[in-house]
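Notes follow the structure.
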Amino acid sequence: MTILLEMKDIHKVYPNGTAANRGVDLTVYEGEIHALVGENGAGKSTLMKILFGLEAPTSGTIEYKGKPVSFKGPKDAIEQGMGMVHQHFMLAPSLSVSENIVLGEEPKKGPLSMFRDRATERRGIVKLIETYGLKVDPDARVETIPVGQKQRVEILKVLYRGARLIILDEPTAVLTPQETDELFASIKALVGQGYTIIFITHKLREVMEISNRVTVIKAGKTIATLNTKETNPEQISRLMVGREVLFRVEKQPAEPKEPVLSIRDLHSVDDKGAPALRGISLDIRAGEVVGIAGVEGNGQTELVEAITGLRRATSGSIRYLDKELVGKSVANIRAMKIGHVPEDRQTTGASLTSTIAENLILDHYRNPEFKRGPFLNKKKIKQFAKVMMEIFDVRAQNEEVLAGSLSGGNLQKVVIARELSKNPKLLIASQPTRGVDIGAIEFIHREIIKRRDGGAAVLLVSAELSEVMALSDRIAVIYEGEIVAVLDNTPELTEENIGYYMLGLGKKHREKEGAAQ
Amino acid sequence: MWQALWTQIADLTLIVVLLRLMTPILLSALGGLISDIAGVINIGLEGLMLLSAFTSIAVGAATDSWVIGTIAGVAASVAMCYVMGFFSIKLKVDIIIAGFAVNIFGSGFTVFLMSKIYGLTGNYSPENLNPIPNVVIPGIQDIPVLGKLLSGHNLMVWISLIAVVFCFVLLYRTPYGVHLRSVGEAPAAAKSLGIPVGRVQYSALAWSGVFSGLAGAYMSMGMTSMFVKDMTAGTGFLALAVVLLGNRNPVGIFFGSLIFGLASAVTTIVQTTPGSQVPSQFIQMIPYVVTIVALVIFAVRKKRKLLTQAS
Amino acid sequence: MKTEKAIYLELAGIAFAIVIALLCGFAVILATSAEPFTALSSLIVDPVSNLFNIGTILNKAVPLIFTGLSLAVVFQSGVFSMGAEGQLYAGGFLGALVAVNIHGLPAWIHFPLILVCAMAGGALFAGIAGWLKAYWNANEVVTTLMLNFVAILATSYFVNNVFKDPASGGYARMPYISPDLLLKKPIPGFPAHTGFVLALLAVVVVYLLLYKTKVGYELRLVGKNSRFADYGGIHTNRVIISSIMIGGALAGLAGIVEILGVHGTYKDNFSAGLGFDGIIIALLARNHPVGVLIAALFYAYIQVGAQTMQVGSDMPREVAVIIQVMLVLLVSSQAIFAFLKQKYATRQKAVK
Amino acid sequence: GKANNNTSPAPGGSANAPAGKKINAVFYVNGTLGDKGFFDSAQRGMVKAGKELGINVKSVEGGTNQADWAAGLESLVSSKKYDVVVVGTSQMIDIVKDIAARYPDEKFIFFDDVIEGMPNVYSMLYSQSEGSFLAGAFAALVTENTELKAANPDKVIGFVGGMDIPIINDFKAGYEQGAHYIDPGVKVVASYIGDFANAPKGKELALSQFNTQKADIVYQVAGGAGLGALEASKNVGKYSIGVDGNQNPLYPGNVLTSMAKNIDASVVRALGLYQQGTLAFGTNEVLGLKEGGIGLSKDDLYAKYVPKSIQDKMTDIENKLASGEIQVKSILK
Ligand SMILES: Nc1ncnc2c1ncn2[C@@H]1O[C@H](COP(=O)(O)OP(=O)(O)OP(=O)(O)O)[C@@H](O)[C@H]1O
Ligand SMILES: Nc1ncnc2c1ncn2[C@@H]1O[C@H](COP(=O)(O)OP(=O)(O)OP(=O)(O)O)[C@@H](O)[C@H]1O
Ligand SMILES: [Mg+2]
Ligand SMILES: [Mg+2]
């Protein structure tokens, strides 16, 4: 095995004083898939940004193909045959797919190569798409395509530039299992053609499935590099977190009581006015977790928004305890002890430029308890935030820290803390563990079960089928805006069973009958 | 009043006036557009125009050549943009503050130069200036309607119309245009692909300098043959409004300027028609009110279009 | 919220920027003046060398504080309004009308009534832009810029034709406001009027409003992340309209305080761009009320400096203005602060 | 003409120029220089006084923000560096009254309006309505003239004002009276630019008056913006009347005459009297045609381009104005 890349004793101190890397070593062989794992904030992305020339290391050396390199910017790295798919999308939304792919390396024509050669551009991209089987419409504007396709565009960008070493920073965080499978197939094909991959993920299952070797980083330092074949998820997680992590959610059988939420024949439309919900009926009872399974884009988002008042229902009813939710304002609904963990914590679930405390009091600032005369009661708020941070193990200096400077896992804990702090009778959790590390996942899962056992009704929406299966007592499968099946989560239930309904191949529905009563 | 309006529509005077009035707004709005697209919105258009208006006429009169004058004016305006870029991109001064600074500077510095060079402080009208010429098209000139429609306009009127096409091609048909758009919309993405974000933003500011430079030269050497202190009188801010009114694209901006120019032309006619009962202040409001109304109509239509597109 | 160190760092940054700005200004002065040291001292020292000039600085700062606050509030809610100028006219006009035309009220009722009417005038006028934005999706930059013209022209019409004092001669104004309604100059020999006290009060009120009340919390949240606010059940449209109207009320106060403190009555075209200066003040202050107070005082100081420099030396007005611009640019340079912070941070690390 | 006691030494105002010492005079501009008219004219007077009378002169521009003016002027006065302050315009009346009362030892020469009852203020008013009357009469004569080749049969004359405000409308009123004095059938078209800087707009308005209203001659009262109107007359080969100073040379043959306020001469005169110790502080003068405060600019260009018949008629009217036979009504006061 030849060494392709060697990073030695990398240190990085950000201008604000954060020491993100404090002596990381990383060795990557040619033609391998090298997984990089570590908790949120361990310094993985930072290390990769340094490699790619986006950040300058404070100290340390990088050898690439046997020669020491120091990149002044991504341009140098790209020239050396590196490509990086970033953790957050690096796409210009109003440009087309093909414009995004060729950005900076456009085919040119005309006098002085002044103009874009759109014909060549298009041909090249069509060929690229065919070669790697990454299907996406080259003429679509990026803002109009779903996340899975955006991820493909990111990979196409890298391939278009002829990269041989490809860095993938949490590429699967936003993908559905199907999309992940497709991505893995592409990655394997690439490796077969001699490409080298560095792969960052929080999902150890994926590490085991695809990587050759794995490097574990903790608090900015390399802990170990292991051959995947010779290790197991338990060992990796122990190295990452420093303790045992339970992968299975420990829970007792549910003891469901009266229905808390009864949805009947709910219809609604998406942002563009197309029908998104076509007659949803579903009951959720106190003390149970109902998971929604489905391929993304089948109405999950709209369903959650309709319940929480963010989207208008065109018809149907949503009864919560003895009240009708359809037609109520968001503020009214939030005041009824309904907790909502939204799917996108960065844009919807938190205000990144506000402090942790300001994020936490979203439901309480109207509350007389948090007021003193006409003013907000600073002391009370501070105290409240401190307690919440303590209970939910939010790791930050204090409650005045800006939410945006928290790692993904910690930010998610803030969101969960806020939504649970009102003791919800109904908890709606959308993608509650997307992009958070295994320690945090364990914590969040435990909280959800704790609420269920405390008598709350829980609606769980997740793209991770395994998460749905691990937490739910019943699983409702959504397909094209309809609930096509509601299944009891017995040990016999398999992913294949559910997948059958997710692809719209069959129907099995109980609440439909309930609706007819 | 209605009759006067009608005669002038009929004999095409309205169109001639409209073209004259919209040219500086159109040009500087295109400049504002490019800077806006690249995420460095230029509030300093007003100051740039003044700078160019003075430089171009001063150089134009000294060299007896409107070409050299115009080039000098544009050069001065572009140079100012680089200074503005230095402050906003390099020293990270808020782009809006930098823009206001350019406006204050443009107003003060032109007067300063005028007093140093000519010993004048209010206005400068050279004795023999060779202004930017009008384009008289020999064959067409004498054809009744077509003649007035196409012939006799100032060269800069044509340049401004060509500039619309130019900007369209620049933004949508050249690699550079894609870079501009990506830098404005997703600077991190552009940076990650090795596009020099800072340099692209400098160049976008420079383009806004080119166009407001042309607009300034037109004001002092085309519309008039003089420089009067603060003669732009808010044109730069109107241009900014037109950028947004035109939905941030060259064609939209063309129509935006057209609407504003038309409203101004009508205002001119109404204002010179004797016997109007409406107080002058309310007549002067027409272009501004029309702009707001147009904006609302556009916004509503855009929303409706979005909805109908989907279903 | 900020640590003491961070504040010192910020202050050091400001001092550093001012030093650089002065060096630049000095270079300009050296190049153009025959008496550079006199020019420099008349720019820097003269504004604070006597009570009269200090009072003038305070008086100039008063309307800037109000317009700066007005825009800080609006900017904090994520609305980029340029409309303080028009709102200032609308508010000042209505306030002055009430001051001039109502007679027989005791001053302690009349005076607050004037302020309230000025605030109402500014707020209602601003409400037009807010309404157009919230319900008609009309870009506020355009509408406020245009509405400025509308306000200036409309008030000009009314003061010239309807409410003109027959004795006002060539430039229209309303009749003078009764002296017991005007803002007093309480300290003999010191020209500052009590508007400064009102301005300080406004700083405190706006600070409390933004950072200590429910309204302020909602307003800032909408500005920082309107999707999050929507999700949290905040009526963003209502918040946007109210923030624009609060801004309008503050701009209206700027107008009426200027009238009651300086002009003595409503005069045609009295503002001369105070609303636009407010944009610079708010941005300099990073939209913080206390920052607005400091920025407005700084801005007034350099404006008076430009004037004293013109009086005390051979510098023309334009050069003074150019130096003024340099000061503003350098003081608002974020890069200088970042540079210092990084220096400081790396030194800390080296120490450890 | 209604000048009062302009020669006799003032009873109350002691005109005490410091003997032997050089006089320090300052001109406070409540605006900025460079209008090529009003303030510039006063500034010319200052410079001339500096040269001819040997006094120290300085000008300070207060800028266009009205709020600065009181403090700006007071800072000059309170510095005690200047023996006499020159300041003008009706916008400054109240400010000067206030400051003059509080600084009784300071002397003020005030131009372009009247200040009464202040023992340390001498003021001069130029009768702009009288001057504009002459301009109006002149314009009416031009539009009815048959010798001037560009004059058409329509009896229309134009007026381009900076803003629709009383001071400008006073010019307009005088202009209309003058025109109707010649022929009540003359139609006056008036338009306003909206400010005093937008020269292109001034030009556009004048062009429209020429082209579509068939005006032959336009009178501009719009500072810098009005220069656009003068240029328009050149572009279409018609006529115009300048204002404030002699603007005839700007476009010879098109700018036929100008309604000049002779502020420069009056400032020099006042400073000269002050130097001699004979300036009558506490009094005011109205400087009309007779006193040389205003008048049409009659230079070589006037002689060359204006038909003899019009010149004669104007002289006739000027005599009648001076004798009081013609009375012009001002809309101010
Ligand atoms: N631009 C920046 N400025 C300052 N600090 C930063 C910056 N980017 C990252 N950090 C800090 O550096 C540390 C490491 O961040 P990094 O992004 O490398 O983590 P990570 O391992 O990728 O985490 P995750 O799994 O959540 O993606 C964190 O504490 C983070 O707060
Ligand atoms: N300028 C910055 N200052 C301080 N912290 C920063 C800065 N930029 C990024 N960070 C922090 O660096 C860490 C890593 O950033 P990154 O962009 O990888 O997102 P993340 O929050 O880890 O994403 P995810 O939610 O997917 O886990 C985060 O904690 C982020 O908030
Ligand atoms: Mg990361
Ligand atoms: Mg992450």
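Chain A is the first sequence line, chain B the second, and so forth, proteins listed ahead of strands; every chain is numbered from 1.
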Quiz item: Between C:Asn225 and A:Thr347, is there a donor-acceptor pair closer than 3.5 Å when you use the side chain of the first and the backbone of the second?
Solution: yes
Exercise. Check C:Lys224 against A:Ser354 and note the closest heavy-atom contact, atom names and distance.
Key: CD-OG, 3.2 Å
Practice problem: State whether the number of non-hydrogen atoms from other residues, nucleotides or ligands found under 6.0 Å of C:Arg238 atom CZ is greater than 12. | Solution: no
Quiz item: In terms of heavy-atom proximity below 4.5 Å to chain C, should A:Ile381 be classed as side chain, backbone, both, or neither?
Solution: neither
Quiz item: Are the side chain of C:Asp230 and the backbone of A:Leu310 linked by a donor-acceptor contact shorter than 3.5 Å?
Solution: no
Quiz prompt | Least distance between heavy atoms, C:Phe228 atom then A:Ala350 atom | solution = CD1-N, 3.5 Å
Quiz item: chain C heavy atoms under 4.5 Å from A:Arg372: which part of the residue, side chain, backbone, both or neither?
Solution: neither
Practice problem: Kindly say whether A:Phe375 contributes a backbone atom to a donor-acceptor pair with the side chain of C:Lys212 at under 3.5 angstrom? | Solution: no
Quiz item: Looking at A:Glu305, A:Lys371, A:Glu358, which one has more heavy-atom pairs under 4.5 Å with chain C than the rest?
Solution: A:Glu358
Exercise. Please step through side chain to side chain contact (heavy atoms under 4.5 Å, CB included) for the pair C:Arg220 and A:Thr353, ending with a clear verdict.
Key: CA-CA 10 Å; C:Arg220 285 183 300 123; A:Thr353 46; over 6 Å; no
Practice problem: Under 4.5 Å heavy-atom distance to chain C, tell me which part of A:Gln397 shows up: side chain, backbone, both or neither. | Solution: neither
Quiz prompt | Most chain C-contacting option - heavy-atom pairs closer than 4.5 Å, from A:Ile361, A:Ile333, A:Thr308, A:Thr58 | solution = A:Ile361
Exercise. Over all heavy atoms of both residues, which pair between C:Gly233 and A:Ala331 is shortest? Give the atoms and the distance, please.
Key: O-CB, 3.3 Å
Practice problem: Specify the closest pair of heavy atoms between A:Leu362 and C:Gly232, including all atoms of both residues, with the distance to one decimal. | Solution: CD2-CA, 3.5 Å
Exercise. Quick one: closest heavy-atom pair of C:Tyr231 and A:Pro342, and the distance?
Key: OH-CD, 3.5 Å
Quiz prompt | Interface residue of largest heavy-atom contact number with chain C, from A:Asn359, A:Leu352, A:Asn332, under 4.5 Å | solution = A:Asn359
Exercise. Considering non-hydrogen atoms only, spot the tightest contact between A:Ser329 and C:His235 and give its length.
Key: CB-CE1, 4.4 Å
Self-check item: Largest heavy-atom contact set with chain C, pairs under 4.5 Å, which of A:Gly309, A:Gly349, A:Ala335, A:Pro374
Solution: A:Gly349
Exercise. For residues 341-367 of chain A, pull every pair meeting ring pair (Phe, Tyr, Trp, His ring centres under 6.0 Å), keeping only residues two or more places apart or in separate chains.
Key: A:His364-A:Phe370, A:His364-A:Phe384, A:Tyr365-C:Tyr217
Exercise. Give a yes or no on this: more than 12 heavy atoms of other residues, nucleotides or ligands lie within 6.0 Å of atom NZ of A:Lys425.
Key: no
Self-check item: Side chain, backbone, both or neither of C:Leu209 within contact of chain A (heavy atoms, under 4.5 Å)
Solution: neither
